[in-house]
Amino acid sequence: MRIENIITGAVKRFFIEKELPLSDTSSVQLQKTRREFKGDITLVVFPFVRLMKKSPDEAAEDLGLYLSGLPEIKSYNVIKGFLNLEIEHTYWTGFVAEAAANDKYGVKAQQGKRETVLVEFSSPNTNKPLHLGHIRNNLLGYSISLILEANGMNVKKVNLVNDRGIHICKTMLAWQKWGENKSPADTGVKGDHFVGDMYVRFEKAYRNEVDELVKGGMSEDEARVEAPLIKEAREMLRKWEADDPATTELWRRMNGWVYQGFDITYRRLGVSFDKIYYESETYHTGKTIVEEGLKRSVLKKKEDGSVWADLTGRGLDEKLLLRSDGTSVYITQDLGTAVLRQKDYNAGKMYYVVGNEQDYHFKVLSLILDELGYDWADSLEHISYGMVELPSGKMKSREGKVVDADNLIDEMIETAGKLSDELGKLDDLTEGERKDIVDTIAMGALKYFILKVDPKKNMIFNPEESIDFNGNTGPFIQYTHARICSLLKKSAQRGILPGNYDFSGITLSDKEKRVAALLHEFPPVVQEAGRSCSPALIANLVYDLSKEYNQFYHDHQVIREENMSLRDFRLLLTALTGDVIRKGMGLLGIMVPEKM
RNA sequence: GGUUCCGUAGCUCAGCUGGAUAGAGCAACAGCCUUCUAAGCUGUGGGUCGCAGGUUCGAAUCCUGCCGGAAUCACCA
């Protein structure tokens, strides 16, 4: 049993024996003992002082005396109403031996029937390549999926590609006009970038037209609607919705280019999906649902023909679901997608990893599904994450103020390679090995940089200062792992294999205990990360563990330790640390090298 | 204007459902490799936790009001 549960149980027994009613278990507060005091775990006694009718110090003394009767408690001391408990070394050694032998440590054993949950992430538009914002989305979505899986759920990762709409028509039109009938293969440009360039081309030309019209005396708003290019694009959208063969053919072709490009970026990011939904396929369902809702009078039609959901009774506004011309809007497609997914998977939960700029959208989406009578409407959960900003503010694709995903990855790999060469770390490896390790380090740096931040918060990325490889970084943790692998390899080469698990006679140093205590935290942190959908919690723990282990490594001998029991314990501690680093980083979607 | 989120060291971030003297990293400076990988370790300096009240044994954390920033409230997605 975990030490927290042992202590909590004992505290409860204490109050039962004293016939003092303890209101609820939450009043038993345990925390890590601060470094400056002696002990491992601290019980906060303030919540009990009124109950016990004693001063904080007296109450702590009574509890300390009682708890020291436990075989796991070695000693206690009281400081200002805090009861510091020192745990017996055998608890830590026993824990390390047990955890090291359990290859599922920290990962919930999958029990018979697992709840199916859906995680939607990525959700790109097919008119531009992925940028840093998408990277955060993809990394979060993928990591959260792995974390939920580790918490015993049957996770299905789904992507929803926005492959239709006016923006796609803009790229098609630009290609017809200026694409010279060339394909990405002809130009050597990656497909998604090729199409993205067309989009930029269109926006520029469109802007010029609008400016001209404004110069001619037209208002800005009017000019935006009247510009010939946008009219042409709208006409193309109309043709697309009418299934015009030439238009859909071009549409299919250009989306194909984009997907080829996306696939490369996804592969480099190491993310994958179980199923990909396309809005071009789900928006029909959305329309059907809305029409049914209209028939049942849950929704309203206005004189101009537009269809609305009235949410004023729920504290919100009215929401448009179908335009007056009968075409669907963004939320209509999301309604359809949700219904289709529920049919496909019958999931207990549908997570949406989408930026916090869409908080309102998801509130509305869930309410409308509820209005329409779907009993699973409250199983939608928006995992709302903060924006990635540049030092100058928000990224703006229109002004070219974006950090392109492919460029960033390239730069990370270049930097990692340069650094590795400078340090001469990979000199005696083959070119293939070197490349693998450099990639691993580069992606580790990038992924960790993004995932260590609380998802809910906006974060700032400064492209001028490249991502670090020292300190609180992915490579630091990877390096710790590589060192551990090297050490374990050496011990195996020398035929040192821990066989003697009798650790009753050894005394642990503070460093050893702290490493053990952090390893001990791994399972509850994985659980909490799943509950709160926050990979950052795991990132922080793995960093703390690496830092603590490096101090241990600096201060102690492992292989050369002469006391065999102690040496074996340190080897186990080392092996378990390596295991937890690998698993923890694995849950972030980050690989760890065996040497670097 | 309404709603929501955010404000912690020069910079980037931790700080769980309130607990002890608020922690890391980067940057700066000073040290540590004949010993298991120095992408490491050690030390120094750096804070009115936006401001003001309130709740209580105790507040960076909870409540209220201000100040500052962001998002959103589209027949855009």
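Values below: every heavy atom of this structure, side chains too, minus hydrogens, waters and symmetry copies. Below, chains carry the letters A, B, ... as their sequence lines are ordered, and counting in each starts from 1.
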Quiz item: If you check the A/K394 side chain, which of B/A71, B/G23, B/U37 turns out closest?
Solution: B/A71
Exercise. Kindly point out which of B/A20, B/A14, B/C73 is positioned nearest to the side chain of A/D454?
Key: B/A14
Self-check item: Spacing of A/F46 atom CZ relative to B/A20 atom P, expressed in whole Å
Solution: 10 Å
Quiz item: Do the rings of A/F362 and A/Y352 sit parallel, tilted or perpendicular, given the 30° and 60° boundaries?
Solution: tilted
Quiz item: For atom P, what is the distance between B/C26 and B/A20, given to the nearest Å?
Solution: 26 Å
Exercise. Assign A/T42 to base, sugar-phosphate, or nothing according to its heavy-atom contacts below 4.0 angstrom with the strands shown.
Key: base
Quiz item: When we call it a touch if two heavy atoms are under 4.0 Å apart, what does A/V558 touch: a base, just sugar-phosphate, or nothing?
Solution: base
Quiz item: Quick one: which of B/G7, B/G19, B/G40 gets closest to the side chain of A/H554?
Solution: B/G40
Practice problem: Report the residue from A/D427, A/D428, A/D439, A/D421 that forms a salt bridge (Lys or Arg N to Asp or Glu O under 4.0 Å) with A/R434. | Solution: A/D421
Exercise. In whole angstrom, give me the gap between the P atoms of B/A60 and B/A52.
Key: 13 Å
Quiz item: A/F82 pairs by ring pair (Phe, Tyr, Trp, His ring centres under 6.0 Å) with which of A/F37, A/F46, A/Y76?
Solution: A/F46
Quiz item: Looking at the side chain of A/I559, which of B/U12, B/C36, B/G40 is the nearest nucleotide?
Solution: B/C36
Quiz item: Between B/G19, B/A20, B/A77, which nucleotide gets closest to the side-chain atoms of A/I79?
Solution: B/A20
Quiz item: Is NZ or CZ of A/R136 both nearer than 6.0 Å to the six-membered ring centre of A/Y385 and within 45° of the ring axis?
Solution: no
Quiz item: Taking the same atom, C1', in B/C51 and in B/C6, what whole-Å distance lies between them?
Solution: 16 Å
Quiz prompt | Among B/C73, B/G19, B/A38, the one nearest A/D317 by side-chain distance | solution = B/C73
Exercise. State which of B/A20, B/C13, B/G40 makes the closest approach to the side chain of A/I460.
Key: B/C13
